[in-house]
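Reviewing the structure listed below.
Numbered from 1 within each chain, the chains take letters A, B, ... in sequence-line order.
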Amino acid sequence: MKANLPEAEPRQLEDWNQKRLYDRILASREGAPLYILHDGPPYPTGEIHLGTALNKILKDMVVRSKTMAGFRAPYIPGWDCHGLPIETQVEKELGRKGAVEPAEFRRLCRKFASRYVEAHIRDFQRLGVFGQWDAPYLTMDFDFEARIAGAFLEFQEKGYVYRGKKPVYWCLHDRTALAEAEVEYDEHVSPSIWVRYEVIQAPIDPQRRGRFYALIWTTTPWTLPASLALAFHPDFKYVAAEDAEGNVYLLAEDRLEPFMAETGVQLTRRAERIEGRKFEGARFHHPFLDREIAGVLADYVTLDQGTGIVHTAPGHGAEDFYTGQKYGLEAYAPIDDEGRFTEGLDDYRGKTVFEANPLILDLLRRRGALVASSKLSHSYPHCWRCHNPVIFRATEQWFVNMEHRDLRRKAIENADGVQWIPDWGRDRIESMIRTRPDWCLSRQRMWGTPIVVFYCDECGKRLEDFAALKHVLDWFRREGADAWFARSAEELLPAGTRCSCGAGRWRKENDILDVWFDSGSTHLVVLDYRDAYHRFPADIYLEGPDQFRGWFQSSLLVGVGLRERSPYRSVLTYGWALDADGRPMSKSLGNVILPSEICQKWGADLLRLWVASQDYHADLRMSDRMMTQLAEAYRKLRNTFRWALGNLGDFNPERDAVADADLWEFDRWMLSRTAELAERSRGWYDKFEFQRVFHAVQDFAVVDLSAFYFDILKDRMYTFAPASAGRRSAQTAVWRIAHALVRLVAPFLVFTAEEVWKYLPHRSGDPESVHMARFPAADEFGAPLDERLGANWNRLLVLRERVLRALEAARNEKLIAGSLEAKVRLGASDGWRELLEAYRASLPALLQVSQVEVAPMRPGDGDGSAAHDGLEIEVQRAEGAKCERCWNYSLAVGTFTEYPTVCERCFAALGEIVQAAGESGKSGR
RNA sequence: GGGCCUGUAGCUCAGUUGGUUAGAGCGCACCCCUGAUAAGGGUGAGGUCGACUGUUCGACUCAGUCCAGGCCCA
């Protein structure tokens, strides 16, 4: 029974798979209450990393502990198959974008995802995770795509969905929207200009000879035609400063000096000083257009650069856009796909934005709005494909209105009813929902669920006949969402679907859904449409802290939006997997440790122990040192089991177990303590506090069993007659303890527990796998030991500790070596006397010495060396000779002619053995 | 920069409603055993409880500030 987990575990997996153990575990819980952990779908790319393994192992431990607590707890793993990362991988394999038709491109994406799903399944199984691996859910399943598209239609039908504008990264060269991940930053030289906006109305009106201006700074002159507001920081102080001509400028107090230093413009500061927040609602003149500009407030205004006043173009910046939303400003972006101005002054209309930069500079100069200008080299986003600088451009997108039908308020209310573990999760999700903008659902991509919208070819109106629209879902169910790309609008819609204008030709929407909408909809399918385990809401969602913004939120919004309630009853979150120094693992840092490496070097049970040993609510660290430490802990636990199994070789619980009443009191005491451990562990499993179970079990195995109980039992196990009442009592206790302990560790040490279970003697009712068993129940350990008797043993434990210290002292003085060479004289005062007399017969075994003498305390002996608290301990050499058989010393050794080298206990034991051999006709030990 | 979280011996984890010299296991040092032996047992040394400032008769435990690290945003 050597460990060698990396080799043994795969064999065990093979065996489990052949037996279809997962199915049989569920079958064994037929009729039991359901407990549903709904799996958050990972993204199928690359090899699983430590965080993914942590995720799956925790889920597995929850599912297993619930199963062992008596629930029917199926686990249906899933994958989030659509999305940009796969598209870019496939594009990389193809060599370029747009190399194949959309339908073919999607086929390749599907294939790519399938490939990695299969790799993941192997990886996850290797970790010992049990689940429905032969029927996982995939968001790219035809049925799934139909359900997701259907959910979008339902959102639309309920009136949540609207079309609005939002700025996205846009590449002028490729004429396409770019995702965050497709943008890379590079040095770029931009104009750096200071522009003045004349004040129409502001909270101050300084006396001046000239005019009154607000001063702004920008590196994108071309965004000025779309300038709709000036943003002030509510907490900054703003001042007025006068130039040589008597014009007065408004800017942040802390930016006055830097401005003069950078531009050489001389200004004289005036007395006025005013808080930024007062400028909300102020009004300004656009520098060259006939437009009034609003004063607004924004937290992102900084004092690092510029003037502390930010020109805001909601159509050309992410922050500007949110500010615009807040103040009801349009995401105005008067440029086309090539970046050419579609309206505005002749100076720049028809030019691209980069061509327009110098032209607008000229324009500003002519209008007298340019205060200063220079150049600035800074980090600027570029297209990762063509390496040209990109811009922010507002485009038409689909949104979910957070206020419609009180979605935001209801989501917060429902989140409040969820049990968040740890409970700060509630505050975190609530504050996020409270401040989040409308949900932008659309993506200008191909590999995803299409947004099912048709426009009339004639009048451009949207089709709103939902019965007809739902017809499309049938196509999806048959052919997958690929049908959207492979079939014409007329094929997809029922024959003769007409617009209210009378036309019958339609144009399909090109956008696809945000993948968060896919994953946010998983509960609609997995919790509902898999009839066998119908349970809505799920009992638990379990993911990392990044999912407060991700899956927890998207699932909640879909659940509340369509079902009026949260799809989960409780949410358990864990921390991040970090390296030994507490830094996140990354390729660039070169500190990545992969689960496959751990499995190969240490075994999956060790990786699971890594999870079980730490408080996962905070971040978890991984290091070689920790793995070494866990391996030591594992070996100790394993050897403890091994000793128990080795001593149960001739024990059949149904034939040899001793009745409760006949168990030795010492054994009953240890069983009581095991019962307590089991009881506490069940409570900890219930609260998902796995590390408490691990530490308590480890402590128990090391301290109570290995160093104490089992060590003491060796005498009984090795020297008593095999079938003697005393030895059978010990075996009964050891069997019950091992039987209980193996089930307590089964949720984390899945392979090792099964191995122990295999070698453990069983009763006829025991299941064949430890993973079908239930946690030890209170009544498995016999009647609990009387409290008074338990107290006696706790005192005897104190006695033992003190005797061990005295023995150590004797060892150092070379009086004895092994403890059996000792005789201990206990001088006891009244407090101890009664107890020691009562347990006198048990003392040599308990103290692991050959002889114990209990005597009154020596009067007047108070030197304090070994005597205190009414107990005096004196170590002497044991009397008599060493028994060859049991190694105890006894005066009786040599007195038995039949067995001259043996003590009186062994003489008796040998007699029993001979007698038993005679009765059964077989030999003894 | 903002929201949330974490910070107890070298490592992992306990520390009950604030109350006597802060506990455990591992590791380490030294010793013993050789019938769990690529084992087993014993003894012992390790902590200004992230830092500082308050509240209190008394704070690892309460409050505030800061530092370090993490997640998500900007």
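Ring-plane geometry between A:Phe666 and A:Tyr709 is classed as perpendicular, the angle between the planes exceeding 60 degrees on a 0 to 90 degree scale with a lower cut at 30. Using cut-offs of 30° and 60° on the angle between ring planes, the pair A:Trp424 and A:Phe548 is tilted. Ring-plane geometry between A:Phe552 and A:Trp420 is classed as perpendicular, the angle between the planes exceeding 60 degrees on a 0 to 90 degree scale with a lower cut at 30.
Within 4.0 Å of A:Asn639, counting heavy atoms only, lies at least one base atom of the nucleic acid. Backbone-only contact: A:Pro584 has heavy atoms under 4.0 Å from sugar-phosphate atoms and none from a base. Note on A:Thr640: a base of the nucleic acid sits closer than 4.0 angstrom, heavy atoms only. Nucleic acid contact class of A:Arg428 (heavy atoms, under 4.0 Å, all strands): base. The residue A:Gln614 sits close only to the backbone: its heavy atoms come under 4.0 Å of sugar-phosphate atoms, none of a base. At the heavy-atom level, A:Glu319 lies under 4.0 Å from the strands shown only through sugar-phosphate atoms. The residue A:Lys636 sits close only to the backbone: its heavy atoms come under 4.0 Å of sugar-phosphate atoms, none of a base. Contacts of A:Gly582 with the nucleic acid, taken as non-hydrogen atoms under 4.0 Å apart, involve only primed sugar atoms and P, OP1 or OP2. In this structure, A:Asn647 reaches neither bases nor backbone, as no heavy-atom distance under 4.0 Å exists between it and the strands shown. Within the nucleic acid shown, A:Ala633 has no heavy atom closer than 4.0 Å to any nucleic acid atom.
For the pair A:Lys814 and B:C31, the criterion of a side-chain N or O lying under 4.0 Å from OP1 or OP2 is not met.
When Watson-Crick and G-U wobble pairs are counted only if both distances are under 3.5 Å, B:A51 pairs with B:U65. The pairing partner recorded for B:C30 is B:G42, the criterion being a Watson-Crick or G-U wobble arrangement whose two distances lie under 3.5 angstrom. B:C71: Watson-Crick or G-U partner is B:G3, with both key distances under 3.5 Å.
For B:C26, its base never sits under 3.5 Å from the side chain of A:Glu632 at any donor and acceptor pair.
A:Thr219 and A:Tyr380 are not linked by any side-chain donor-acceptor pair at a separation below 3.5 angstrom, with hydrogens and angles left out of the test.
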